[in-house]
Amino acid sequence: MTAAGRASLVDVPVPVPGPGQVRLEVLAAGICHSDLSVLDSGAGAGWALPFTLGHEICGRVDMAGPGVDGWREGDQVVVHAPYGCGHCDRCASGRTNYCDDRRTLPAAGVGLGVDGGMARFVVVGQERLVAAPGLDPVVAATLTDAGLTSYHAVAECARNLSSPAAVAVVIGVGGLGHVAIGILRALTKARVVAVDTRDDALALGAECGAEAGARPDAARSEVDRLSAGRGADVVLDFVGAQNSIDLSVSLLRTAGELVLVGSGGGTLAVAKPGPQPSGAVIRMPFWGSRPELVEVVDLARSGRLTVRSTKFALDEAGRAFDELRQGRIVGRAVLVPGS
Ligand code: NAD
Ligand code: ZN
Ligand code: ZN
């Protein structure tokens with residue numbers, strides 16, 4: 001990212017790992033809808049330009065800096081990318097995604113303010129690495145955000161989905177949403193309704209384990225059908241636009257849970273009494289912890305997740321960004337720098 005709205009493929013020096021750091025040869029780097037938001041908004045406050053995008057990374061250990069312990073050249077790993085201060089209680093337990101200092105840090109994560117994975121090489125701290133042996137690197141990369149964010153979001157609301165009669169709705173079956181459906185099936189007993197504006201996304205939702213699929217205007221009748229008219233126990237909104245937030249609220253049953261993941265610019269008005277049913281719970285999860293990344297890698301290695309990807313070479317990144325923006329990617333677009 002060289003300027004607001006501009007991403008260009010340029011040559012930079014091969015980075016050298018410092019103390020406690022590891023250089024990875026990047027095998028795959030996913031493209032997140034957040035990359036488009038970062039590009040469009042001119043990056044976060046205080047982020048220095050230029051930097052290399054790419055916060056969803058799988059790589060092979062290529063060189064270890066001084067003091068690196070436990071990682072060997074050739075190890076296949078994924079990167080826990082969210083930045084934290086590194087020394088508070090939350091950071092110490094791998095929950096850098098909820099460090100109190102995040103807003104004042106010079107970056108939000110690897111590839112979000114500092115150089116990330118849309119490159120042949122990336123340097124990261126060894127504490128960010130999670131072993132991912134035996135996985136397709138393209139799938140492994142997607143686990144670090146599409147997978148991890150979905151996993152954390154589902155883990156937080158799973159208590160409400162422990163009955164086989166429970167209904168969960170996933171709005172937005174894109175990069176994150178399609179992985180979330182598989183995670184819901186693996187971690188909960190809920191019946192899943194997928195909602196998207198695109199038929200090919202709904203078809204992918206069915207492949208991932210959704211029992212029903214609907215365009216937004218038909219979502220209510222599908223939820224009513226599966227819930228005997230009660231409404232949804234949990235709605236996960238992976239869009240976050242005004243219309244998806246309004247739809248999410250309208251689908252909730254009494255004491256239902258709204259999990260707002262997408263950052264599509266919509267506003268949620270909370271009032272009492274108001275549009276939310278009584279007892280409603282609202283969550284706004286952000287990314288996930290390092291221990292959760294270990295768990296989602298294990299889940300993928302057990303073969304229980306469907307991840308759909310479309311591969312692009314590094315010099316096709318511009319086209320991949322355009323296709324994501326136009327809503328033409330089904331599943332996740334992933335850059336493969338070595339191809
Ligand atoms: P994506 O573009 O891959 O998927 C979005 C999907 O939503 C697409 O299938 C699209 O057809 C569908 N959609 C768009 N508008 C819709 C609407 N009004 N109703 C129903 N479906 C609609 O995006 P992604 O990479 O999966 O990211 C999803 C959102 O999550 C983005 O806003 C992104 O910035 C955000 N995000 C949040 C976190 C977090 O930690 N909270 C992490 C990563 C991404
Ligand atoms: Zn992301
Ligand atoms: Zn911290």
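Here the structure is a predicted model, which is why all the values come from computation and not from measurement. Indexing begins at 1, ligand by ligand and atom by atom, following the structure's order.
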* Residue pair His55, Tyr83: steps toward the ring-ring contact (aromatic ring centres under 6.0 Å, His included) verdict -> CA-CA 11 Å; His55 56 270; Tyr83 260 38; over 10 Å; no
* Check each heavy atom of Leu247 against ligand 1 and say whether those closer than 4.0 Å belong to the side chain, the backbone, both or neither. => neither
* With the 4.5 Å side-chain cut-off for hydrophobic clustering, are Ile282 and Val234 part of the same group? -> no
* Using a 4.0 Å heavy-atom cut-off, say whether Pro285 meets ligand 1 through its side chain, its backbone, both or neither. => backbone
* **Ile329 contact mode with ligand 1 (heavy-atom cut-off under 4.0 Å)** => neither
* Structure fact -> Note: Ala241, heavy atoms under 4.0 Å from ligand 1, region reported as neither
* Asked: Just by modelled atom types, is the Val173 backbone N or O under 3.5 Å from a matching donor or acceptor in the Asp196 side chain?
  -> yes
* Asked: Between Phe238 and ligand 1, which residue portion shows a heavy-atom distance shorter than 4.0 Å: side chain, backbone, both, or neither?
  -> backbone
* Asked: Salt bridge between Arg60 and Asp75, side-chain N to carboxylate O under 4.0 Å?
  -> no
* Asked: Same hydrophobic cluster for Leu268 and Leu251, using side-chain heavy-atom links shorter than 4.5 Å among ILVMFWY?
  -> yes
* **Distance, nearest 0.5 Å, that separates CG of Leu143 from CD1 of Ile57** => 13.5 Å
* Where is the nearest protein heavy atom to atom 7 (O) of ligand 1: which residue, which atom, and how far? -> Gly172 CA, 3.3 Å
* Contact check: Ser263 vs ligand 1, nitrogen or oxygen atoms, below 3.5 angstrom -> yes
* Shortest protein heavy-atom distance from atom 30 (O) of ligand 1, along with the residue and atom involved -> Gly262 CA, 3.5 Å
* What is the closest protein heavy atom to atom 15 (N) of ligand 1, and at what distance does it sit? -> Val239 CG1, 3.6 Å
* To do: Compute the angle centred on the Zn ion (ligand 2) spanning NE2 of His55 and OD2 of Asp145, and express it rounded to 10 degrees.
  => 100°
* Asked: Are Arg159 and Glu257 ion-paired here, with the side-chain N under 4.0 Å from a carboxylate O?
  -> no
* Do Val235 and Val259 have side-chain heavy atoms sitting under 4.5 Å apart? -> no
* Select one of side chain, backbone, both or neither to describe which atoms of Thr197 lie under 4.0 Å from any atom of ligand 1, heavy atoms only. => both
* Structure fact -> In this structure, CD of Glu292 is separated from OG of Ser150 (nearest 0.5 Å) by 11.5 Å
* Select one of side chain, backbone, both or neither to describe which atoms of His33 lie under 4.0 Å from any atom of ligand 1, heavy atoms only. => both
* To do: Answer yes when Arg308 and Glu207 have at least one side-chain N-carboxylate O distance shorter than 4.0 Å, and no when they do not.
  => yes
* Which of the atoms in ligand 1, numbered in the order shown and given with their element, are less than 4.0 Å from a heavy-atom of Asp145? -> 42 (C), 43 (C)
* In the protein, which heavy atom is nearest to atom 4 (O) of ligand 1, and how far is it? -> Gly174 CA, 3.3 Å
* Check: Leu176 N/O within less than 3.5 Å of ligand 1 N/O -> yes
* Would you check if the side chain of Glu316 reaches a backbone N or O of Ala313 as a donor-acceptor pair within less than 3.5 Å? => yes
* Asked: atom 39 (C) of ligand 1: which protein heavy atom is closest, and how many Å away?
  -> Thr149 CG2, 3.6 Å
* Asked: Of all the atoms in Cys32, is at least one N, O or S atom closer to the Zn ion (ligand 2) than 2.8 Å?
  -> yes
* Can you sort out which atoms of ligand 1 are near Phe286, meaning under 4.0 Å from one of its heavy atoms? => 40 (O)
* ligand 1 contact on Asn243 by region, counting heavy-atom pairs under 4.0 Å -> side chain
* To do: For residues Val16 and Gln21, report the shortest heavy-atom separation together with the two atoms involved.
  => O-OE1, 4.4 Å
* **Asp199 bridged to Arg215 by N-O distance under 4.0 Å** => yes
* Considering heavy atoms of the protein only, find what lies nearest to atom 3 (O) of ligand 1 and give residue, atom and distance to 0.1 Å. => Gly175 N, 2.9 Å
* To do: Please indicate whether any nitrogen or oxygen in Asp196 is less than 3.5 Å from any nitrogen or oxygen in ligand 1.
  => yes
* Numbering the atoms of ligand 1 from 1, which are under 4.0 Å from a heavy atom of Trp287? -> 39 (C), 40 (O)
* Does at least one non-hydrogen atom of Cys32 fall below 4.0 angstrom from an atom of ligand 1? -> yes
* To do: Among all protein heavy atoms, pick out the one at the shortest distance from atom 44 (C) of ligand 1; state its residue, atom name and that distance to 0.1 Å.
  => Ser34 OG, 3.3 Å
* Does Arg332 have a non-hydrogen atom less than 4.0 Å from ligand 1? -> yes
* Neighbouring protein N, O or S atoms of the Zn ion (ligand 3), below 2.8 Å -> 4
* Can you list the atoms of ligand 1 that are under 4.0 Å from a heavy atom of Leu324? -> 2 (O), 3 (O)
* Say whether Val261, considering both its backbone and side-chain N or O atoms, lies within less than 3.5 Å of an N or O atom on ligand 1. => yes
* Asp40/Arg325 ion pair, N-O < 4.0 Å -> yes
